[in-house]
Amino acid sequence: MFKKISVVLLCLGMPLTAMAGDSESLFGLSHDSQTLKLSVRRIGLDWSKTQVRNAAQYQDSPVSALNATSQDYIKGVFDTILEFTKNKFKWDNSLIMEYGKTTLKPYNAPATTDENADKILYSSDLSYSCWEFAGLKFGPTVRAAYETQFADSQDSPRQNIVRSSAGISLFDHDIIKSLYLTGIHEYDFTYAGDQNNKIGAEFGWRLEYAIRDGVKVSSDGYYREYFSYSGYVSTDLERDLSAVLRLDTNLWGHFTMGPYVQYRLAKARGADVYGSNLIVGISFNYITDFLF
């Protein structure tokens with residue numbers, strides 16, 4: 001356990017050491033060129049629908065498509081990032097919001113609605129390019145983030161987490177937009193009276209590849225593993241994996257459409273098995289950039 005915590009603390013300290021020598025260029029003491037870009041990575045609507053009629057008359061049918069439960073899934077997504085680049089520094093401020101519901105309509109029971117997605121994440125990342133090769137930048141990175149939700153769930157209050165991390169990253173490549181390994185510290189105050197400090201490690205990615213003009217495949221996600229907790233809360237996660245794969249095809253202007261797959265796998269401290277969530281659907285998006 002001590003070795004794991006030492007590795008995390010080493011990751012937390014590396015970026016500060018590497019960035020100290022060039023701090024004056026970040027704060028305007030250098031006159032080199034700089035860029036400011038607002039990227040609307042995605043303002044979208046994810047939708048899927050299953051409509052089954054006369055299911056009662058086909059309950060004994062071997063064709064499952066005729067006796068299934070009608071269901072609607074819809075999720076709204078807002079994902080933007082403000083990118084500031086100066087010399088070897090890159091400072092990103094991003095806001096991600098998503099909310100989704102699934103409505104089940106059995107033929108012999110009242111309709112029920114469950115939340116499939118509820119997330120608000122603001123993060124601020126500072127990266128420094130120590131080396132650059134083949135269009136790929138490499139260096140230390142530090143990040144601060146706040147994660148919460150729009151509403152309480154049925155069995156628990158809304159999530160409230162302040163997260164800080166530091167480590168190393170690859171970034172600003174045509175394909176590898178971000179690939180990082182960091183140590184993380186979380187202050188979780190979701191449950192009143194059960195505030196918890198956690199230490200762990202995180203590996204994350206954001207990839208984009210243009211198959212051809214107007215068609216792009218992208219993926220983003222993370223894997224977190226926690227090593228230490230200040231207290232015991234049964235719902236705290238030990239491991240957490242989240243991954244999204246999406247294909248965007250340009251319709252007109254900045255509007256796109258395409259299929260997507262979203263997967264979440266996690267294990268809580270008080271559970272003996274992993275919990276998972278798999279969503280497959282169609283995504284309608286608005287994607288563009290603004291240079292200042």
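Not measured: the values here are computed from a predicted model.
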Around [X], counting heavy atoms of other residues, nucleotides and ligands shown, do more than 12 lie under 6.0 Å from its [atom1]?
X	atom1	answer
N108	CG	yes
Y286	OH	yes
K119	NZ	yes

Do the side chains of [Y] and [X] get nearer than 4.5 Å, heavy atoms only?
X	Y	result
Y191	V233	yes
T102	T113	no
N285	R246	yes
K137	H173	no
F84	T35	no
T69	V52	no
Y99	M97	no
S218	E208	yes

Side-chain donor-acceptor pair present, S283, D46, cut-off under 3.5 Å: yes
Checking Y209 against D174: is there a side-chain donor and acceptor pair closer than 3.5 Å? no
Run the side chain to side chain contact (heavy atoms under 4.5 Å, CB included) test on R41 and I81 for me, step by step, so that the C-alpha distance in whole Å, both residues' side-chain angles and the decisive distance to 0.1 Å come before the verdict. CA-CA 7 Å; R41 295 195 293 206; I81 181 170; 3.8 Å; yes
Any donor-acceptor pair under 3.5 Å linking the side chain of [X] with the backbone of [Y]?
X	Y	answer
K267	A271	yes
R264	A243	no
E225	R239	no
D72	T103	no
S219	L245	no

How long is the straight-line distance from [atom2] of [Y] back to [atom1] of [X], given to the nearest 0.5 Å?
X	Y	atom1	atom2	result
E147	S123	CD	OG	10.0 Å
I43	D79	CD1	CG	9.0 Å
L170	I176	CG	CD1	6.0 Å
E202	S165	CD	OG	6.0 Å
F227	I199	CZ	CD1	10.0 Å
M257	L247	CE	CG	9.5 Å

Aromatic Y180 / basic R143 pairing, under 6.0 angstrom, 45° off normal: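 Yes, a cation-pi geometry.
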Are R224 and Y222 in a cation-pi setup, meaning NZ or CZ lies under 6.0 angstrom from the ring centre and within 45 degrees of the ring axis? yes
Ring-plane angle category for Y128 and F89, please: parallel below 30°, perpendicular beyond 60°, tilted otherwise. tilted
Spell out, yes or no, whether [X] and [Y] are grouped together once hydrophobic residues are joined by side-chain heavy atoms under 4.5 Å, including indirect joins.
X	Y	value
F290	L82	yes
Y73	I282	no
W205	L265	yes
V77	V40	no
L278	V244	no

[X] to [Y] - nearest heavy-atom pair and separation:
X	Y	value
P157	Q149	O-OE1, 4.3 Å
S124	W91	OG-NE1, 2.8 Å
F171	G139	CE2-N, 4.3 Å
S39	D289	OG-OD1, 2.9 Å
E115	A151	OE2-CB, 4.3 Å
R42	I287	CA-CG1, 4.3 Å

As a test of understanding, state which of N250, T249, D248 forms a side-chain hydrogen bond (donor to acceptor under 3.5 Å, both in side chains) with T256.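 Only match with T256 under side-chain hydrogen bond (donor to acceptor under 3.5 Å, both in side chains): D248.
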Applying the side-chain hydrogen bond (donor to acceptor under 3.5 Å, both in side chains) criterion to T148, which one of T190, D118, N160 satisfies it? N160
So, F189 versus Y187, ring centres under 6.0 angstrom or not?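 F189 vs Y187: aromatic centres under 6.0 Å.
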Does a side-chain N-to-carboxylate-O contact under 4.0 Å join D188 and K198? yes
Taking only residues at least two apart or on different chains, which pairs with a member in residues 258-280 satisfy ring-ring contact (aromatic ring centres under 6.0 Å, His included)?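 Listed once each, the pairs would be none.
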Could you please spell out the steps behind the side chain to side chain contact (heavy atoms under 4.5 Å, CB included) verdict for Y226 and D236? CA-CA 9 Å; Y226 296 91; D236 281 343; over 6 Å; no
Does the pair K90 and D172 meet the rule for a salt bridge (Lys or Arg N to Asp or Glu O under 4.0 Å), with working shown? CA-CA 9 Å; K90 184 178 182 181; D172 276 2; 2.4 Å; yes
Given the rule in the side chain to side chain contact (heavy atoms under 4.5 Å, CB included) test, do L38 and F292 qualify, once you have shown the distances and angles that lead to the verdict? CA-CA 8 Å; L38 175 64; F292 300 95; 3.6 Å; yes
Stepwise, does the side chain to side chain contact (heavy atoms under 4.5 Å, CB included) test hold for L36 with E83? CA-CA 6 Å; L36 180 64; E83 302 174 327; over 6 Å; no
